[in-house]
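The structure appears right after this line, and notes come after that.
A note on names: the letters A, B, ... follow the listed sequences, proteins ahead of strands, and every chain is numbered from 1. Both backbone and side-chain heavy atoms feed into the values below; hydrogens, waters and symmetry mates do not.
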Amino acid sequence: MVAPLWSPPGRGISMARYNAKTTEAKWQAAWATAKTFEATEDPSKEKYYVLEMFPYPSGRIHMGHVRNYAMGDVVARYKRARGFNVLHPMGWDAFGLPAENAALEKQVHPAKWTYENIANMRTQLQSMGLSLDWSREFTTCDVEYYSQQQKLFLDLLKNDLAYRRESWVNWDPVEHTVLANEQVIDGCGWRSGAPVERRQLSQWFFRITAFQDELLAALDDLERWPEKVRLMQANWIGRSEGARLRFSVKQRETEIEVFTTRQDTIFGASFLALSPDHALTAELAAENPEIAEFVAECRRLGTSEEVIEKAEKLGFDTGLRARHPFLPDVELPVYIANFVLIEYGTGAIFGCPAHDQRDLDFARKYGLVVLPVVIPSDVETADFSVGKEAYVGPGRLANSGFLDGLTIEEGKAEIARRAEAGNFGTREVMHRLRDWGVSRQRYWGCPIPVVHCDACGVVPVNEADLPITLPDDVTFDRAGNPLDRHETWGVVDCPACGKTARRETDTFDTFVDSAWYFARFCSPHAAQPLDRAAVDYWMPVDQYIGGVEHAILHLLYARFFTRAIEKCGHIGVSEPFEGLFTQGMVCHETYRDPEGIWLEPTEVARNDAGQMVRLDNGAQVDTGRSEKMSKSRKNVIDPEDIIERYGADTARWFMLSDSPPERDLEWTDSGIEGAWRFSGRIWRIVEEAAGELPPADSPAPASFSDQAKALRRVTHQAIGAVTDGIERFQFNVSVARLYELANALASYKVVDAGIDETNGERWAQREAIEALVVMIGPMMPHLAEEGWHILGQSGLLADAAWPLADPALLVEDTITIAVQLNGKMRATLEIARDQPEDDVRVAALALEKMVAAVADKPVRRVIVVPNRIVNVVV
RNA sequence: GCCCCCUUGGCGGAAUUGGCAGACGCACGGGACUUAAAAUCCCGAGACUUAACAGUCGUCCCGGUUCGAGUCCGGGAGGGGGCACCA
C-alpha cells in the first residue's frame, strides 16, 4: 500500500491540502480544553446514555473496535446535537487470563502488563476523536472498582443470590489448573495437550435461576433489541413445560423419578433410562462390577465433545423392572444410558421410541417395543407404523386406553391430572438455564471476599474489612494459582470467631466485572458501589452497541446482575439496556503462498499481469475468501497505520459507508482510498465557497432563484434522509445521502457572482454547506469542526444544533409518476402534484406512448395511486 | 438433528415496507486539464437484440395471491449463524 501524499500544495496558499494530522490533533485538544464531552446530571435536560462494550486491554485497538466506537460516536454526537444530555463513557475490562499468560511467557507482572496496555490503547482511542467523557474512565482491575464489586457480592450473599456447592471443573493435570471450556480442545488442555480430567470442586454460584422466568418474560419488552438476540436468550433459558412422574421399581424399595414433556405418550413407553451419574446408578454399580465398568466407559467418552456427538447410543440393562403407572400388567426394563444427562431434569427418562428419535435409535438397537400412540389425522391407526424416523408431529392419541381420541395437549393435561390425583407425579416447568458458576481458580481477578474457618465454615468478610486486595508479590514461574501458594496472603483471622482461618483463593469470573460496569459509569468515583441519584438519572443505557458474540452470556449476566442489585436496593431498574445494536465483523481477504503459509496484506501485491504475488520473492499467492480479521490468518489491518496515513475521520467514514452496520464489513484498500478522497472533496467544497458566502447567521432573503430553490430542496431532503438513517441505524444510507448533497454542491455554480443577494443563491449555498458540515459532524468530527470554523462560526460544532428539515421545502411542485400498462412500465408523466384522480387518468391515457400501446384495445380499468403511479388495464 | 437469518449488476449495497429495481460508493471505460504523470473535474455503463430509434429479459429456482411482487404466501436450492443427546 502506498501512502497518499498530503501535498502537493495546489494552486495557491488558500488551496493548501487538508492536513488531517494537525487538524485532528487541534480539535481533539480544543474539545479536551473545553471539557465538551464531560457529562453532569441535569434534571432539566433529557438524558441519553450511549455505551459501546468496553474493550479488553490487549494492547492495541483493532478494526472491530474502530467500527464499534465509530458507530457509538455517531449516536452520541447526533444525540448531543439533538439537545440531549449525553453520557458516553469508556473503561477497561481488565481482569482475565491473557495477563496471566503474558506473565508466564514474558515474566511480566499482570498488573504492569495490563496498565501498560491500557495506556497504549487509550492513546490510540483518543486519536480517533471520540466524544467520550474520559473523566469517568475506570479499569475493572482498579482496587476502587473491584472493592465495590466485593461489597455487591456481600449483598448478594445476604439476599441468598450467591451460594456455594460442589461442581465439576475441567482440570489440567500437567498445569495444575482449572480450564475454561474454550481452553479444552478435543478433550485436551490447550497448552499442555494433556487429557483433561473432570474434578469436583466446591465453587461459588450466582442464583440466576431465581430470575429465570422474569428474564425470559422481559425479553418481550426489549423492543429495541435485535429479534435474533432475544431468541438466542430465550433458547438459552430453555423453558419447557412437562411433568415429573414417579415409577416404582419391582425389585427394590425405591422409585425412579423422570421428567418428560411428552407425558401424553406414556402408553407408548417401552423402557426407563438412568444417567450414568444418577444416584441409583451409583448404588447398582457398587453391587455389580459390570455396571461399574459400563459407567466408567461412559465417563471416558464424556471428555471429548466430538466423540459425544458421534457416539452411538449405548445402554446397559440393569435387570430392574419398573411398573407402568397406568397398566398394572406392564413392566418396563430399566437401562443405564449414555445419552441421559444428569444435569437436566431428574437424570432419568422414560423412553417412548415411536415419538422420540433418540429413544427410537435406542429401542432398535436393544430390540425394544415401538408402539405408536400418536396418529396423524389423515391416517388410520391400523395403517400407521414407525420405521426409522420417530413421529413427532401433531395427531390424535391411540393405543392409549383412556386417552384414545384426545389431542396431544388434552392428553398431557389428562395424564398430569391423574398423576397428581394418584400422587405419583406433578406438573413441572423445567429450564435449561443453570446457575452461574463464578469461581475461577486464578490470580488475575477480583478476590471473593470470604474466609474459610475450620470452626465456623465459610464466613463472609466484614464490609469494614474490604477491600480484599490482590497481593503484588506473586510469581509466575510455575503453573497453578499463585494465590494458593502465597505464604502470608491467605492467612487471616476468622471474622466470626477470631481464630486463624484461610482466605478464599478463588477469584470472580470476569463476566462479573462486566455485569455492572455500565451502572458504575454513572458515578465512577463514588465511595459506595452506585450513587442512587446518579444511577436513577442515567440508567438504563439508552443505546448499547457491541458484537453479537456477547448475545448470550454477557448480556444475560448483565440482565441478571441488574435485577440482583435492584433487589439489594442499589439500582431502580431491572433491565440495563433499553436499546441494543449488534454490529458485524470487519473482514479482509486472506492470502497464502504455495507452501500454505498465511501472508499479511502488506506482504502481497498485484503484479502487472493482475496476479497476486509475494512482494519479496514473486511467488504466486492464493487469495482466500474474506474472513474476520484475525492474527492467525494474518489478514489484519492495523488501525494505527490507517489513522497515521489517512486520519481518523477517513477511517471512521469508511467504517460507516457502504456496509449496513449489522452486517460484516469488507476492508478494501480502494474503499479507504474512496473515503479519503471524499474527505478532501468536502474540504474543497467548504474552502472554495467560504469567502463568497454571506456572513454566518445572515437573515434569509425574501426570494430565491430557481437554482437556489432547487438546492434548498436537495438540502432539506438530505437533512430528512440523513437524520432518518441515523435514527434507524442505517449509517450507510445516511452516508449515501451526504454524498448526494456533496454532489449537488459540487455542481452548484452561482450565476450572479455579485454579492448582491436578491436571488438568494449564496444564502442557499451557505445553508447547504452548513447542513453538510453539521451532518458530517458525527462521522468525521474533526473535518466538520474545521469546516465550521472556516465558515466563520465562532463556537464549537460539537455544541451546534442539528438542522431541521423544513417540510414546506420538501414538496416538489411538479412530479414524475410512472405509467404502467398491465403492470409494466410504459411511460412517465410529468404533472403538478396532488391533481384530481380524473385529471391524472386523462393525462396518462393521453400520453403518446400510451395511446400507441393501448391502440384499439378496450380500457378495462385504470388504477391511480395519487402522486405515485397510474396502471392502465386492458 | 433442532431453531434462526440471508440470497438484488463485476463488487459493497439502496428501494418511504406492495407502486419508475439498481440510489450512493467501489472497480471499470471514455474525455478534459498536464510536456507527462499524479491529483482533480466531466461523461458512460444490469444483460441481450439493434447502425440507431427502440424492444425483450431481469432482484437464487418453481408455483401462487394481486391491476401491480425484490417486498406477501407455498415448495425447493445455496450460503451463514446459534444450540446441540435438554427427555
For A:D361, answer base if it contacts any base atom (sugar-phosphate contacts may also be present), sugar-phosphate if it contacts only those atoms, and nothing otherwise; contact means non-hydrogen atoms under 4.0 Å.
nothing
Judged by whether its glycosidic angle lies within 90° of 0, B:G9 is syn
Would you indicate what A:S659 reaches in the nucleic acid, counting non-hydrogen atoms under 4.0 angstrom: base, sugar-phosphate, or nothing?
sugar-phosphate
Just checking A:V340: base, sugar-phosphate only, or nothing, at a heavy-atom cut-off of under 4.0 Å?
base
Does the distance from a Lys or Arg side-chain N to an Asp or Glu carboxylate O, for A:D724 and A:R728, drop under 4.0 Å?
yes
With the threshold set at under 4.0 Å for non-hydrogen atoms, list the residues of residues 859-874 of chain A touching RNA chain B in residue-number order.
A:R861, A:I863, A:V865, A:R868, A:I869, A:N871, A:V873
Between the side chains of A:E257 and A:R244, is the shortest nitrogen-to-carboxylate-oxygen separation below 4.0 Å, so that they form an ion pair?
yes
Distance between the C1' atoms of B:G9 and B:A21, in whole angstroms?
11 Å
Under a 4.5 Å cut-off applied to non-hydrogen side-chain atoms, are A:L215 and A:I208 in contact?
yes
Paired nucleotide for B:C67 [Watson-Crick or G-U wobble; both distances under 3.5 Å]:
B:G19
B:A14, OP1 or OP2 - any side-chain N/O from A:N732 closer than 4.0 Å?
yes
For B:C57, does OP1 or OP2 lie under 4.0 Å from any side-chain N or O of A:K824?
yes
Nearest listed nucleotide, side chain of A:R663, among B:C4, B:C41, B:U7
B:U7
Tell me the interatomic distance from A:Y391, atom OH, to B:G1, atom C1', rounded to whole angstroms.
18 Å
Between A:M655 and A:R67 the two heavy atoms that sit nearest each other are SD-CB, 3.5 Å
Between the protein and nucleotides 79-83 of chain B, are there any N/O to N/O pairs under 3.5 Å, and if so, what are the atom names and distances?
unit_1 : atom_1 : unit_2 : atom_2 : d
B:C83  : O3'    : A:R432 : NH1    : 3.4

Name the pairing partner of B:C26, where a pair is Watson-Crick or G-U wobble with both distances under 3.5 Å, or state none.
B:G10
Measuring only the P atom in each nucleotide, how far is B:A77 from B:G29? A whole number of Å is fine.
41 Å
Counting side-chain heavy atoms from CB outward, which of B:A23, B:C3, B:A87 is closest to A:T260?
B:A87
Interatomic distance at P, B:C20 relative to B:A15, whole Å:
13 Å
Within the 4.5 Å heavy-atom criterion, are A:V851 and A:L845 side-chain neighbours or not?
no
Under 4.0 Å, heavy atoms only, any strand: does A:L341 hit a base, just the sugar-phosphate, or nothing?
base
May I ask you to check whether A:F654 and A:W676 place their ring centres under 6.0 Å from each other?
no
Which sits closer to the 5' end of RNA chain B, A:D356 or A:S747, going by the nucleotide each is nearest to?
A:S747
Just how far, in rounded Å, is P of B:U56 from CE of A:M825?
12 Å
Gap between atoms CD1 and P, on A:I817 and B:C67 respectively (whole Å):
20 Å
Please work out which of the three classes, parallel, tilted or perpendicular, describes the rings of A:F731 and A:F729, given edges at 30° and 60°.
tilted
Do the non-hydrogen side-chain atoms of A:W653 and A:L738 ever get within less than 4.5 Å of each other?
yes
Roughly how far apart, to the nearest Å, are B:G46 and B:C28 at atom C1'?
14 Å
Indicate, with a heavy-atom threshold strictly under 4.0 Å, whether A:T668 touches base, sugar-phosphate, or nothing.
nothing
Ignoring hydrogens and geometry beyond distance, is a side-chain donor-acceptor pair present between A:Y18 and A:E687 at under 3.5 Å?
no
In this structure, how many angstroms lie between the C1' atom of B:U16 and the CZ atom of A:R728, rounded?
8 Å
Give a yes/no answer on whether the side chain of A:Q730 brings an N or O atom under 4.0 Å of OP1 or OP2 in B:A15.
yes
In terms of side-chain heavy atoms, does A:T623 have a donor or acceptor partner in A:E589 at a distance below 3.5 Å?
no
Any base atoms under 4.0 Å from A:E666, or only sugar-phosphate, or nothing? Heavy atoms, all strands.
nothing
Taking B:C73 as the reference, what is the distance to B:U66 when you measure between their P atoms (whole Å, please)?
16 Å
What's the gap between B:U34 and B:A38 when it is taken at their C1' atoms, as a whole Å value?
10 Å
P atoms of B:G63 and B:G70, separation to the nearest Å
15 Å
So A:Y739, base contact, sugar-phosphate only, or nothing? Heavy-atom distance under 4.0 Å.
sugar-phosphate
Tell me whether the OP1 or OP2 atom of B:A38 has a side-chain N or O from A:R677 closer than 4.0 Å.
no
Across all strands shown, which nucleotide pairs with B:G74 by Watson-Crick or G-U wobble geometry, both distances under 3.5 Å?
B:C62
Separation of A:R239 atom CZ from B:A87 atom C1', in whole Å?
17 Å
Taking for each residue the nucleotide of RNA chain B bearing the nearest heavy atom, is the 5' side occupied by A:N743 or by A:A746?
A:N743
Pairing partner of B:A37 (Watson-Crick or G-U wobble, both distances under 3.5 Å)
none
Please report, rounded to the nearest Å, how far the P atom of B:C26 is from the CD atom of A:E589.
18 Å
When you compare B:A52 with B:U59, how far apart are their P atoms, in angstrom units rounded to a whole number?
26 Å
Report the distance from atom CG of A:N822 to atom P of B:U56, rounded to the nearest whole Å.
12 Å
Ring center gap for A:F350 and A:F271 short of 6.0 angstrom:
no
A:Y335 and A:F316: CA distance, side-chain angles, deciding distance, ring pair (Phe, Tyr, Trp, His ring centres under 6.0 Å) verdict:
CA-CA 5 Å; A:Y335 282 78; A:F316 189 99; 8.6 Å; no
When you look at A:F247 and A:H324, which way does the ring pair (Phe, Tyr, Trp, His ring centres under 6.0 Å) test go after all the steps?
CA-CA 7 Å; A:F247 290 77; A:H324 192 290; 7.0 Å; no
Syn-anti status, with the boundary at 90° from 0, for the nucleotide B:U16
anti
Please report the distance, rounded to the nearest Å, between CZ in A:F339 and C1' in B:G1.
15 Å
Taking only the side-chain heavy atoms of A:S670 (C-beta and beyond), determine which of B:C20, B:A14, B:C26 contains the nearest atom.
B:C26
So does A:R358 get a side-chain nitrogen or oxygen closer than 4.0 Å to the phosphate oxygens (OP1/OP2) of B:C86?
yes
